[in-house]
Protein chains: 2
Amino acid sequence: MALLDRSLLADMPLFAGLGPAALDDIIAEARSARVAKGATVFEQDADATSFFVLLHGHLQVLRITPAGAQVIVRYVVPGELFGIAVQMGRATYPATALAVVDSVALSWSSIAWPRMMERFPSLAVGMMRTLGQRIDDAHGRVVEMSTEEVERRVAHAILRLVKQAGRRGDRGITIDFPISRQDVAEMTGTTLHTVSRILSGWETRGLVEGGRQKITVCDPHRLFLLAENRAE
Amino acid sequence: MALLDRSLLADMPLFAGLGPAALDDIIAEARSARVAKGATVFEQDADATSFFVLLHGHLQVLRITPAGAQVIVRYVVPGELFGIAVQMGRATYPATALAVVDSVALSWSSIAWPRMMERFPSLAVGMMRTLGQRIDDAHGRVVEMSTEEVERRVAHAILRLVKQAGRRGDRGITIDFPISRQDVAEMTGTTLHTVSRILSGWETRGLVEGGRQKITVCDPHRLFLLAENRAE
DNA sequence: CGAATGGTTGAATTGTTTCAATGTCGGTGG
DNA sequence: CCACCGACATTGAAACAATTCAACCATTCG
């Protein structure tokens, strides 16, 4: 495997403002690990022994309710932090991180965090920004679920995924990892049946193109208008 | 008005671990302000010039959508931080804070925060804890809205309010500030009609007692079972 | 090739909203 | 002090969006 290099961290918001020497110090403490598709990096309620940065691949972060229902909290894309339970003052992970494709992550021991933060106080600022961003996203989702009906929620979810992980193709922009109707349902609080009907409807109207665990958005602008409920 | 005293901050998680001298320093920079019932402390999208601690009273934090729908993000109870947009790396407040009863808040200038944090690094840790708690709450709510039907969401919301702001009376535990059916609807993503029907139903069964802008929980345990969907 | 996983689509059902009407409480002003 | 107005609440009936139930098809993979 290639040697770990500070360039991996250089353009992450959390590490912005740190010099090369600092980045070298920080990366010297990191370990990297492969995660096979379908494997978990950590599981809900397990001891939060590490925190992570995704280098390669895509993860689902999901919560499972006592009743057994799954909810996808977010998708992690390369360059993002995840598993930051310690920083949140928690002893255990609040959710499970599952690789949806073969992935690679960098990890640091949780107990290293206080020391890192002491040496580089800007890490605390960056972490608060990250946490703040997550709060904002989560509140945005609460607002969405409170005020919008299913079709528009699905439209917003798809557009978010396209933005994060869209790959341009000749028929439109495709979400760059396998995603099932069930997954979309678990992101939007509905059933796979409803998602299937909605996507079929859109396909008829030329907005998207479906496929097994695949979604291609052919007309992002019209989908956006639909999501915002402005005419159509 | 009474002089500001460090004891106001002493038992807040954010300031835990700071000595008397530090608390004196911090409170010396604070200003206090009365907020009349119905007035706002700050409004959504306004410049985040200050951050706050509630000393007395109760606030609603609400988001308004472009379409005009309101969603109550949370209720602020005495001792809690609010308006911490700067710490989240934002220039503007993401929501509006509205006093539901006459209230008193302590405030600090946003520009004082970096200096405070530099002098007392434990503030950063405490703030990350607070932010983490908010993320957890918000995700919990997303899960709830994704997986539970309205009646149980309303039950959970009422139980949370009772826990935060319940006042023991002879007929049960009453929520200690005026709260309408519409408010409960805006917390749970439903309509005031549905909330009214649900509360009426509960009243018939002896679980709660209603009233104008008033909710008294007579049988918290049975309401809890209903919220958890375990028998009834 | 067979089994498993993912997807589609009709039909029936249901929880919730929408529409509408009416009632009640509390404060304000004549 | 009482009348009236506005805000809050209740409750029926109709409409509807989404779920549930069910059957079936397609694709992938071992």
Side-chain angles (χ1 to χ4, degrees), chain A residues 36-38 60 67-72 98 100-102 144-155 157-158 175 177-205 207-216 226 229, chain B residues 36-38 60 67-72 98 100-102 144-155 157-158 175 177-205 207-216 226 229:
Chain A
K37 173 176 174 172
Q60 263 178 4
Q70 278 193 5
V71 175
I72 297 177
L98 177 84
V100 295
V101 294
D102 288 346
E144 199 175 290
M145 302 202 72
S146 297
T147 60
E148 291 173 14
E149 77 271 21
V150 175
E151 184 170 20
R152 293 176 54 206
R153 297 209 304 266
V154 172
I158 304 277
I175 294 167
F177 50 80
I179 182 162
S180 69
R181 308 293 181 261
Q182 176 71 40
D183 291 329
V184 177
E186 287 174 7
M187 296 180 69
T188 52
T190 182
T191 63
L192 77 151
H193 307 280
T194 300
V195 172
S196 179
R197 278 182 238 276
I198 287 171
L199 288 178
S200 295
W202 290 351
E203 188 149 17
T204 311
R205 294 196 270 160
L207 289 171
V208 303
E209 229 165 83
R212 192 188 179 77
Q213 300 200 100
K214 202 166 70 127
I215 301 172
T216 301
L226 194 154
N229 203 23
Chain B
K37 172 176 174 172
Q60 263 177 3
Q70 279 194 4
V71 175
I72 296 177
L98 177 84
V100 295
V101 295
D102 288 345
E144 198 175 290
M145 301 202 72
S146 297
T147 60
E148 292 174 14
E149 76 272 23
V150 175
E151 182 169 21
R152 294 176 53 205
R153 297 210 304 265
V154 172
I158 303 277
I175 295 167
F177 50 80
I179 182 161
S180 68
R181 307 294 180 262
Q182 176 70 40
D183 291 329
V184 177
E186 288 174 7
M187 296 179 69
T188 52
T190 182
T191 62
L192 78 151
H193 306 279
T194 300
V195 173
S196 179
R197 279 182 237 276
I198 288 170
L199 288 178
S200 296
W202 290 351
E203 187 149 16
T204 311
R205 294 195 270 159
L207 289 171
V208 303
E209 228 164 85
R212 191 190 179 78
Q213 299 199 100
K214 201 167 69 132
I215 301 171
T216 302
L226 194 154
N229 203 22

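Only heavy atoms go into these numbers, but all of them, side chains included; no hydrogens, no water, no symmetry mates. Since we're looking at a predicted model, the values are computed, not measured. Proteins get letters first, then strands, A, B, ... in listed order; numbering begins at 1 in each.
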Study note, to complete from the structure: Scoring nucleotides 16-21 of chain C by protein non-hydrogen atoms under 4.0 Å (B base, S sugar-phosphate only, - none) yields SBBBB-

Study note, to complete from the structure: d(A/Arg181 CZ, A/Arg212 CZ) to nearest 0.5 Å is 10.5 Å

Review point. B/Lys214 has an atom NZ; how far is it from atom P of C/dT24, in whole Å?
Key: 18 Å

Review point. Quick one: A/Trp202 CH2 to C/dG7 P, roughly how many Å, whole number?
Key: 15 Å

Exercise for review: May I have the distance from B/Ile179 (atom CD1) to D/dC8 (atom P), rounded to whole angstrom?
Suggested key: 13 Å

**Study point:** A/Leu226 side chain near A/Arg205 side chain, heavy-atom distance below 4.5 Å
**Key:** yes

Review point. So does B/Ser200 get a side-chain nitrogen or oxygen closer than 4.0 Å to the phosphate oxygens (OP1/OP2) of D/dT11?
Key: yes

Exercise for review: Measure the CD1-CD distance between B/Ile179 and B/Gln60 for me, rounded to the nearest 0.5 Å.
Suggested key: 7.5 Å

Revision key, fill the gap. Taken to the nearest 0.5 Å, the spacing of A/Ile158 CD1 from A/Arg153 CZ works out to 13.0 Å

Practice item. Assign a letter to each nucleotide of nucleotides 25-30 of chain D from its 5' end: B, base within under 4.0 Å of a protein heavy atom; S, sugar-phosphate only; -, no contact. Key: --BS--

Exercise for review: Enter the distance from A/Thr190:OG1 to A/Glu149:CD here, rounded to the nearest 0.5 Å.
Suggested key: 11.5 Å

Point to revise | Sugar-phosphate, base or nothing in reach of A/Ser180, heavy atoms under 4.0 Å | key: sugar-phosphate

Point to revise | Nearest-Å distance for atom pair CG/C1', residues A/Leu192 and C/dT5 | key: 12 Å

**Study point:** side chain to side chain contact (heavy atoms under 4.5 Å, CB included) assessment of A/Ile215 paired with A/Val184
**Key:** CA-CA 10 Å; A/Ile215 301 172; A/Val184 177; 4.0 Å; yes

Exercise for review: Measure the distance from CD on B/Glu209 to P on D/dT10 and round it to the nearest whole Å.
Suggested key: 12 Å

Check your understanding: How close or far is atom C1' of D/dA18 from atom CE of B/Met145, stated in whole angstroms?
Key -> 15 Å

Check your understanding: Within the distance-only criterion (no hydrogens, no angle test), does the side chain of A/Ser196 pair as donor or acceptor with the backbone N or O of A/Leu192 below 3.5 angstrom?
Key -> no

Exercise for review: Rounded to the nearest 0.5 Å, what's the gap from CD on B/Glu209 to NZ on B/Lys214? Could you check?
Suggested key: 7.5 Å

Practice item. Specify the separation, in whole Å, of atom CZ of A/Arg152 and atom C1' of D/dA18. Key: 16 Å

Practice item. Can you tell me the distance, in whole Å, between the CD1 atom of B/Ile215 and the P atom of D/dA9? Key: 8 Å

**Study point:** Matching residue for B/Glu151 among B/Asn229, B/Ile198, B/Val195 - test: side chain to side chain contact (heavy atoms under 4.5 Å, CB included)
**Key:** B/Ile198

